[in-house]
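All values below were derived from every heavy atom in this structure, side-chain atoms included, with hydrogens, water molecules and symmetry-related copies excluded. One-based numbering along the sequence shown.
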Amino acid sequence: MSGELLAGVRVLDLSTVFMGPYAAQVLAEWGADVVKVESLRGDQVRGVGDTSGAGAGPIFVNANRGKRSLAVDLKSDDARDVLHALVRDADVLLHNIRPPAAARLGLTWDDLREVNPALVLCAFRGYGRHGPHADRPAYDDVIQAASGIADAQAAAGGEPEYWRSAASDKVMGLYGAAATCAALRAREIDGAGRSVEVPMFEGMASFMLLDRQGGWLTDPPSGPTGYPRTDSAHRRPYATADGHLAVMMYADKHWIAFFDLVGRPELADDPRFHDIGARTTHIDELYALLAEEMVHRTSAEWSAAFERADIPHGPVNSIEDLFADPQLVATDFFQTVDQPGVGPVRLARRPIDFGTPPPPPRPAPLLGQHSREVLAEAGIADEDVQRLVDAGVLGTTDEITRPG
């Protein structure tokens with residue numbers, strides 16, 4: 001792992017569910033040594049879809065692969081000394097614990113910098129600490145609604161809908177991973193630790209405003225919010241003579257090529273379609289025309305024509321289709337890994353190319369699998385580790401009953 005970008009960085013991941021664990025998993029993919037610090041019951045996501053009884057359901061495995069697990073009762077008095085021993089040698093600590101509970105557990109920035117002033121604390125929250133909702137709980141659905149996603153997903157006059165993915169959690173997990181790397185870079189310059197707050201609501205509001213602020217960019221507003229292209233009722237995978245195909249023409253050259261393909265080159269000079277501004281204003285007419293033309297050829301015929309014309313297009317894959325997708329197969333995207341408690345599993349390799357071959361994906365840990373190992377590295381003597389086990393403060397693989 002010495003060639004990895006974050007080699008030598010130690011991360012304590014006290015987060016649960018989706019957002020924080022995903023951020024820490026990305027850091028692990030980039031070479032960090034990530035220790036997942038769990039309660040004795042483990043992250044509740046361990047049990048989601050867990051058919052093996054090992055506490056290694058598919059979401060948990062994907063969000064926690066490449067980490068080590070230490071199971072400890074953080075509410076116990078003895079756990080405070082254990083946590084401080086870990087913090088002293090850590091570079092980063094992530095958690096998604098609400099502020100009152102974080103204060104009770106000694107996980108505030110003031111608490112932690114007393115132990116390690118060079119630590120980077122990355123705290124995931126539902127809402128920013130200076131607002132009236134600072135202490136509110138939040139999950140992905142709540143934030144999708146609050147940030148405008150659910151409303152934007154509604155068809156004209158229809159009911160608001162969520163994305164069929166925990167997208168807010170995953171987007172904010174990526175924000176958190178990036179912010180952590182930025183704080184580590186700043187520490188290289190001045191040697192000081194950082195307190196980084198990653199609020200879901202503010203983050204997703206910013207995410208949505210990028211392409212949906214529209215006329216509300218100006219004060220006072222000069223027009224409605226939204227983005228006509230993505231709001232068009234005709235924007236969808238297009239029916240062909242034998243299936244569906246995704247196609248997105250954006251630049252002038254794409255539309256000129258398409259008008260030639262359908263035998264209507266004169267449309268390139270139509271005032272409604274001659275540049276991107278006009279096309280955006282008349283996007284419903286343009287996409288309706290596209291839908292009308294697509295049904296006259298098969299998906300294979302269109303793919304061949306679009307390939308020759310260099311027009312962006314692609315299949316409409318199901319999740320199952322991804323495992324046989326020729327691009328993913330050719331790039332060895334999926335690799336089989338022996339997952340403890342489960343057996344062979346297919347994991348996606350790191351998607352980012354840093355110029356060197358990515359290491360193979362590593363499995364997720366069983367609950368408490370590395371408790372003794374991690375505490376030994378922190379300088380805690382074997383007899384003290386055993387005392388913690390006997391007192392029910394520390395869990396190891398042998399002593400823990402798997403979550404169901």
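For R80 and D77, the salt-bridge test fails: no basic side-chain N is under 4.0 Å from an acidic carboxylate O. Under the 4.0 Å criterion applied to side-chain N and carboxylate O atoms, R272 and D270 are assigned as salt-bridge partners. With salt bridges taken as basic N to acidic carboxylate O contacts below 4.0 Å, one links K36 and D43. Ion pairing between a basic and an acidic side chain is recognised when a charged N comes within 4.0 Å of a carboxylate O; D211 and R229 show no such pairing.
For residues 5-17, the side chain to side chain donor-acceptor pair (under 3.5 Å) pairs, not counting sequence neighbours, are R10-D33, R10-E377, D13-S15, D13-K67. Under the side chain to side chain donor-acceptor pair (under 3.5 Å) criterion, the residue pairs touching residues 90-99 are D91-R187, with sequence neighbours excluded.
Between T240 and D242, the side chains place a donor N or O and an acceptor N or O closer than 3.5 Å (distance only, hydrogens not considered).
Distance check: F258 CZ to L290 CG gives 4.5 Å after rounding to the nearest 0.5 Å. From W30, atom CH2 reaches atom CZ of R350 across 9.5 Å, with rounding to the nearest 0.5 Å.
The cationic group of R349 does not satisfy the cation-pi geometry with F334, failing either the under 6.0 Å distance to the six-membered ring centre or the 45° limit from the ring axis.
When side chains are defined from C-beta on, L328 counts as touching L322, because their heavy atoms get closer than 4.5 Å. A 4.5 Å side-chain heavy-atom check between E373 and R68 finds at least one atom pair inside the cut-off.
Of the options L93, L86, L94, a side-chain contact (heavy atoms from CB on, under 4.5 Å) to L14 is made by L93 and by none of the others. With L105 as the partner, the side-chain contact (heavy atoms from CB on, under 4.5 Å) test is satisfied by one option alone out of L74, L83, D111: L74.
Scanning both residues, W302 and E293, for their nearest heavy atoms gives CZ2-O, 3.3 Å.
Heavy-atom neighbours of W109 CH2 from other residues, nucleotides or ligands within 6.0 Å: above the threshold of 12.
In this structure, the ring of Y287 has its center no less than 6.0 angstrom from the ring center of H234.
Annotation: side-chain hydrogen bond (donor to acceptor under 3.5 Å, both in side chains) contacts of R136 (sequence neighbours excluded): H133.
W163 and F207 have perpendicular rings, their planes meeting at more than 60° on a 0 to 90° scale where under 30° would count as parallel. Between H282 and F273, the ring planes lie perpendicular to each other; the angle is over 60°, past the 30° to 60° tilted range.
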